[in-house]
Number of protein chains: 2
Amino acid sequence: MAKKIGKLGHRGRGSSALTRQRVLEEALGLLDREGITSLNMRQLAAHLGVTPMALYNHVSDKDDLLRGVAALVVDNVSYGSDSDDWREEIRTCFRALRNACLAHPGIVRVVESAKALPSSIFRPMEIALAALRRAGLEAEDAFRAYCLLMSFTMGQISYETRGPYPAADPAEASRQGQLSAATFPASAAAVLAMADRDWDNDAAFEFGLSTILAGLNNFARAKATSKRRSRTTRASKD
Amino acid sequence: MAKKIGKLGHRGRGSSALTRQRVLEEALGLLDREGITSLNMRQLAAHLGVTPMALYNHVSDKDDLLRGVAALVVDNVSYGSDSDDWREEIRTCFRALRNACLAHPGIVRVVESAKALPSSIFRPMEIALAALRRAGLEAEDAFRAYCLLMSFTMGQISYETRGPYPAADPAEASRQGQLSAATFPASAAAVLAMADRDWDNDAAFEFGLSTILAGLNNFARAKATSKRRSRTTRASKD
DNA sequence: ACCTGAACACCGTTCAAGT
DNA sequence: ACCTGAACACCGTTCAAGT
């Protein structure tokens, strides 16, 4: 027993042994504190007080590490809602996804560079698809709508966490005189309008969500009436 | 003059000297043929028959190289249309962006990993913003709508070019039994519905575009009537 | 001004060896 | 079973030297 204490005690920090969980958690911490460029096997090993090669006992690959970190962020998110309005269900689902990612801004670059995603991303997909089917969309349209929602959400999060590209930020470009009112009038006007008030990412996300849901609602209602009409036609034929 | 010919003649391929343009074009070719992992200074230099360090005479940085390659893909795209329907203008604009990117699938990863974007990214922004203003949106809403359209388009292209993540592809997951109808009924149904017909990325993109435009149209019309109403109210007060 | 060659400070990962 | 240490095959980039 003394042997056991001694064995655990001589490890760097704490008395815990190296486990996959500990590796992934330290990786996420490193990502949060120092960004994705610091998330490499050597620095991670150093933070765990261990040799780089020790990590390979708990992680098969760097890509496995990245997938594991992504899973850590996304696995325990609650995507469900108790509303019976399909639009509110979808709102809650993608808001939850966005909030989880914004809590660990570096995770977006991890997801973008990972070769595979944790399979738990099927959970928001399931919820969204179910809600969309309940709205009256057919399977194929529902999947297209899901792609639309997911693409927008991930794109938006990517933009938010990376910050606007220096060369693509209207405000920055206007400061450097690249965005003259002569060649880019609409963009220059947008900069002018945004100059005073702070840009609100939450509001931009909600705007996007509402716009998509309005469009999907239009689509679902059109689908419903065309179905009803064809039913009436059939009935009158009888 | 013979000296000049000799000087040019002893270069690896062709008689052209190394220029920034030639470096960027070869980089794009390398990207197209072998993907982003092969797009590095050493391999690029080898393809140009030159030492890695020779590239730094025409490119300040690897990030400068990436930005240059992105510019090559995006600079000469024509985003405009001759329609006077703002929705058609926006369709043409983002279709053009998508087509340009799909012509060089690797470019998406380049854009994602680049620290800066070519400033010609303002051209589609300008066209989209102008169309949205003409639709009746105020500056801030127009910019939010632009972000929505751009996020969706880039997200969609990213999904298309990377191919679905092995762990996030419903069809693949269902094949491996990760997507049982018991736990993920809606997703399993989607796979079933998509099993026979091929998934049509173009149709999915058009679906997304139409949905967003329908939502924006709703928004613009609501804005217009609320404005008209307040004007009437004011008039009746007079 | 443009290019070369050697070198440096990094990466992920293999391999043989220790306990 | 788990970890170490040295090594390999890569990266981007600096620096001194050549023309």
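Bear in mind the structure is a predicted one, so any value in this text is a computation, not a measurement. Chain identifiers are assigned alphabetically (A, B, ...) following the order of the sequence lines, protein sequences preceding nucleic acid strands; residue numbering begins at 1 within each chain.
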Side chain of Leu18(A) - closest among dC11(C), dC3(D), dC3(C): dC3(D)

Interatomic distance, Leu55(B) CG vs dC11(D) P [rounded to whole Å]: 13 Å

Any His58(B) side-chain nitrogen or oxygen under 4.0 Å from OP1 or OP2 of dA1(C): no

Among dT4(C), dG5(D), dC11(C), the one nearest Gln43(A) by side-chain distance: dC11(C)

Runs of at least three Watson-Crick or G-U pairs with DNA chain C, cut-off 3.5 Å: C:4-8 with D:12-16, C:12-16 with D:4-8

For Asp32(A), all residues meeting side-chain hydrogen bond (donor to acceptor under 3.5 Å, both in side chains), sequence neighbours excluded: His104(A)

Selection residues 114-126 of chain B - residue pairs positive for side-chain hydrogen bond (donor to acceptor under 3.5 Å, both in side chains), sequence neighbours left out: Ser187(A)-Glu126(B), Asp75(B)-Ser120(B)

Set of residues satisfying side-chain hydrogen bond (donor to acceptor under 3.5 Å, both in side chains) with respect to Arg98(A), sequence neighbours excluded: Glu160(A), Asp202(A)

Near-ring test Phe205(B)/Phe94(B), centroid separation under 6.0 angstrom: no

Sequence neighbours excluded - ring-ring contact (aromatic ring centres under 6.0 Å, His included) pairs with any residue from residues 181-204 of chain A: Trp199(A)-Phe143(B)

Integer-rounded Å distance: dC10(C) P and Leu39(A) CG: 17 Å

Ring pair (Phe, Tyr, Trp, His ring centres under 6.0 Å) partners of Tyr159(A), counting only residues at least two apart: none

Residue list, ring pair (Phe, Tyr, Trp, His ring centres under 6.0 Å) with Tyr79(B), at least two apart or on another chain: none

Partner set under side-chain hydrogen bond (donor to acceptor under 3.5 Å, both in side chains) for Arg175(A), not counting sequence neighbours: Glu172(A)

For Leu44(B), the option from Leu55(B), Leu31(B), Val50(B) that meets side-chain contact (heavy atoms from CB on, under 4.5 Å): Leu55(B)

Whole-Å gap separating C1' (dG12(D)) and CG (Leu66(B)): 12 Å

Separation of atom CG in Asn57(A) from atom C1' in dC2(D), rounded to whole Å: 5 Å

Touch class at under 4.0 angstrom, heavy-atom based, for Asn40(A) against every strand present: sugar-phosphate

B/S/- contact track for nucleotides 13-19 of chain D, protein heavy atom under 4.0 Å: BBB----

Rounded distance in Å - NZ (Lys115(B)) to C1' (dG12(D)): 10 Å

